[in-house]
Protein chains: 2
Amino acid sequence: MVLPRAARTQRRTRIQEEKEELILEAALEVFATHGFRGSTIDQIADVAGMSKPNLLYYFRTKEAMHRALIDRVLDSWLDPLREFDAEGNPVSEIRSYIRRKLEMARDFPRESRLFANEVLQGAPHILDELKGPLKELVDEKAEVIRSWTRAGKIAKCDPYHLIFAIWSTTQHYADFDVQVRSVLGEERSGEGRFEDAARFLEQLFIDGLAVKGDPSSA
Amino acid sequence: MVLPRAARTQRRTRIQEEKEELILEAALEVFATHGFRGSTIDQIADVAGMSKPNLLYYFRTKEAMHRALIDRVLDSWLDPLREFDAEGNPVSEIRSYIRRKLEMARDFPRESRLFANEVLQGAPHILDELKGPLKELVDEKAEVIRSWTRAGKIAKCDPYHLIFAIWSTTQHYADFDVQVRSVLGEERSGEGRFEDAARFLEQLFIDGLAVKGDPSSA
DNA sequence: TGATAATTTGACCGTTTGGTAAACACTACA
DNA sequence: TGTAGTGTTTACCAAACGGTCAAATTATCA
């Protein structure tokens, strides 16, 4: 019997596992570079190397593919922030948060762009996740940052805008990669640009948040 | 005789002027929220309040509309950087550059998103402009920044990544507006968020670039 | 091996898309 | 007022789109 994919509650075949992975990989490639509405099923099928009906056997709609991808990406996107530790040293916590976000931009640029496309276009599919889980997590970490400023460990600042600044500067290297490469020129477009970015951003954020007149941070 | 719009070399009618403006306004709205491939001519015609063939009388293709928009936006997008003055005081130059970029994010978010969509999707229509005029302008301003660091007026840093950081942090408030609003919550989503952002970013960049141990910058 | 379920395919469908043709309406100006 | 252009609309087209279907093929395992 042919059951639609979504109705199969029991265990998945080896082929199912493999093909779904193959499709999501292709879908990521396509969605990340064209956005949801700009992508076609034929395109995805083509990249995945299978026929369109075959692809639709595993994901019944274009939306289903996108949903599956978004769910997966959103979760891993939040991971670095979750690791943000209240007990740790503020300077090294911020430093390693920047590092992790920059590593994600380097190693998973398509995931970043998928997310960027979605948010840029008004986040029609994930508005609830943004207003719910994301906001709650940020609220929690903002409170951590505030406690650091109260303790005089870092300069007084708006924790939300600090988080926005870290997000934007790091993801810039994935989302606006073409622009970054264009401006840097070919000589500086090697992997080394991530190291340069890391150095600059660490300096910017660490010095920018250092308590004024505190010699220990110099 | 009906001449295609592009062939009309002589002066434009009052109606032409008005309608083309109306169309570009509508096209900006649509392209900015759906990207090029995700937008349809019908959608734009609908927003502009005219029939599709009527719209195509003024712009013969979807591409022509996009081109016209991109050209206009790219130019004004570069303006703030052009104003960056080598003779000025580094701290106030950087401060007012941030202000101007933030004002653009606040007053022209659709223009910013149009550009973001284009770059995010690989800049297929403006790669030459990025590698040419944009790169040249940035190269020039990077040299200005380098001269400031050599003169000991600001901390030593990579001028390119400094410019990237200012671009990304400021444009974030236009391009990722939905996310920013979601995280801040409704109470903080008023226009005041731009003032908060300005305060934070000025602190971050000014203190982050202050020469260490220099009391004049405290 | 055979039966049964899982997978793949080609042919197809209704809709949307970018764009055209030609007729019609309006406007400016001699 | 007439008429030559300018502007607008209705009707249409071929291609691309998301998705379905039944038939054919392949995998699984008793």
Side-chain angles (χ1 to χ4, degrees), chain A residues 1-24 26-27 30-31 33-70 121 124-125, chain B residues 1-27 29-31 33-70 121 124-125:
Chain A
M1 180 182 47
V2 181
L3 269 183
R5 156 82 187 85
R8 267 182 247 128
T9 48
Q10 301 298 12
R11 80 154 141 280
R12 295 156 58 206
T13 324
R14 174 186 50 89
I15 296 184
Q16 267 171 49
E17 213 121 359
E18 288 174 9
K19 288 293 164 79
E20 283 175 15
E21 205 50 46
L22 188 69
I23 291 169
L24 288 183
V30 176
F31 282 136
T33 38
H34 296 111
F36 181 73
R37 293 195 40 178
S39 304
T40 71
I41 299 181
D42 294 85
Q43 237 178 325
I44 298 169
D46 203 52
V47 173
M50 56 173 74
S51 67
K52 181 167 65 170
N54 194 189
L55 184 151
L56 286 164
Y57 171 73
Y58 293 99
F59 293 90
R60 287 193 306 183
T61 63
K62 190 175 147 185
E63 290 239 4
M65 277 178 260
H66 195 249
R67 239 288 62 94
L69 267 181
I70 283 276
Q121 306 188 357
H125 305 97
Chain B
M1 179 182 47
V2 180
L3 271 182
R5 158 80 187 87
R8 268 183 246 130
T9 49
Q10 301 299 13
R11 81 153 141 279
R12 294 154 61 205
T13 325
R14 175 186 50 90
I15 295 184
Q16 266 172 50
E17 212 120 359
E18 288 174 9
K19 289 292 165 79
E20 281 175 15
E21 205 49 47
L22 188 70
I23 291 169
L24 287 182
E25 158 69 24
E29 185 72 30
V30 175
F31 282 137
T33 39
H34 296 111
F36 180 74
R37 293 196 40 179
S39 303
T40 70
I41 299 181
D42 294 87
Q43 238 178 322
I44 297 170
D46 202 51
V47 173
M50 57 173 76
S51 68
K52 181 167 65 171
N54 194 187
L55 184 151
L56 285 165
Y57 172 72
Y58 294 98
F59 292 91
R60 287 193 307 183
T61 64
K62 190 175 148 185
E63 289 239 5
M65 277 178 260
H66 195 249
R67 228 316 34 105
L69 267 180
I70 283 277
Q121 305 188 359
H125 305 97

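By convention in this document, chain letters (A, B, ...) are assigned in the order of the sequence lines, proteins followed by strands, and residues within each chain are numbered from 1. The figures that follow rest on heavy atoms only: side chains count, while hydrogens, waters and symmetry mates do not.
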> Reading nucleotides 16-21 of chain C from the 5' end, what letters show protein touch, with B for base, S for backbone sugar-phosphate only, - for no heavy atom under 4.0 Å?
Replying inline: -SBBBB
Would you indicate whether the side-chain heavy atoms of [Y] and [X] approach each other to under 4.5 Å?
X     : Y     : result
B:Q43 : B:D46 : no
B:I23 : B:M50 : yes
A:I44 : A:M65 : yes

What is the distance from [atom1] of [X] to [atom2] of [N], rounded to the nearest Å?
X     : N      : atom1 : atom2 : answer
A:H66 : D:dG19 : NE2   : P     : 13 Å
A:M50 : D:dT26 : CE    : P     : 16 Å
A:Q16 : C:dA5  : CD    : P     : 15 Å
B:E20 : D:dG7  : CD    : P     : 9 Å
A:Y57 : D:dA22 : OH    : C1'   : 15 Å
A:L55 : D:dT20 : CG    : C1'   : 14 Å

>> Please check this pair: side chain of B:K19 against backbone of B:N54, looking for a donor-acceptor N/O pair closer than 3.5 Å.
In response: no
> Between A:N54 and C:dT9, is there a side-chain N or O to OP1/OP2 distance below 4.0 Å?
Replying inline: yes
>> Check the phosphate of C:dT8 against A:K19, side-chain N and O only, distance under 4.0 Å to OP1 or OP2. Yes or no?
In response: yes
>> Please determine whether side-chain contact (heavy atoms from CB on, under 4.5 Å) holds for the pair A:T33 and B:R37, giving the CA-CA distance in whole Å, both sets of side-chain angles, and the decisive distance to 0.1 Å.
In response: CA-CA 11 Å; A:T33 38; B:R37 293 196 40 179; over 6 Å; no
> Which word best sums up how the rings of B:H66 and B:F31 line up, parallel for under 30°, tilted for 30 to 60°, or perpendicular for over 60°?
Replying inline: perpendicular
> If you check the B:S51 side chain, which of D:dT6, C:dT7, D:dT9 turns out closest?
Replying inline: D:dT9
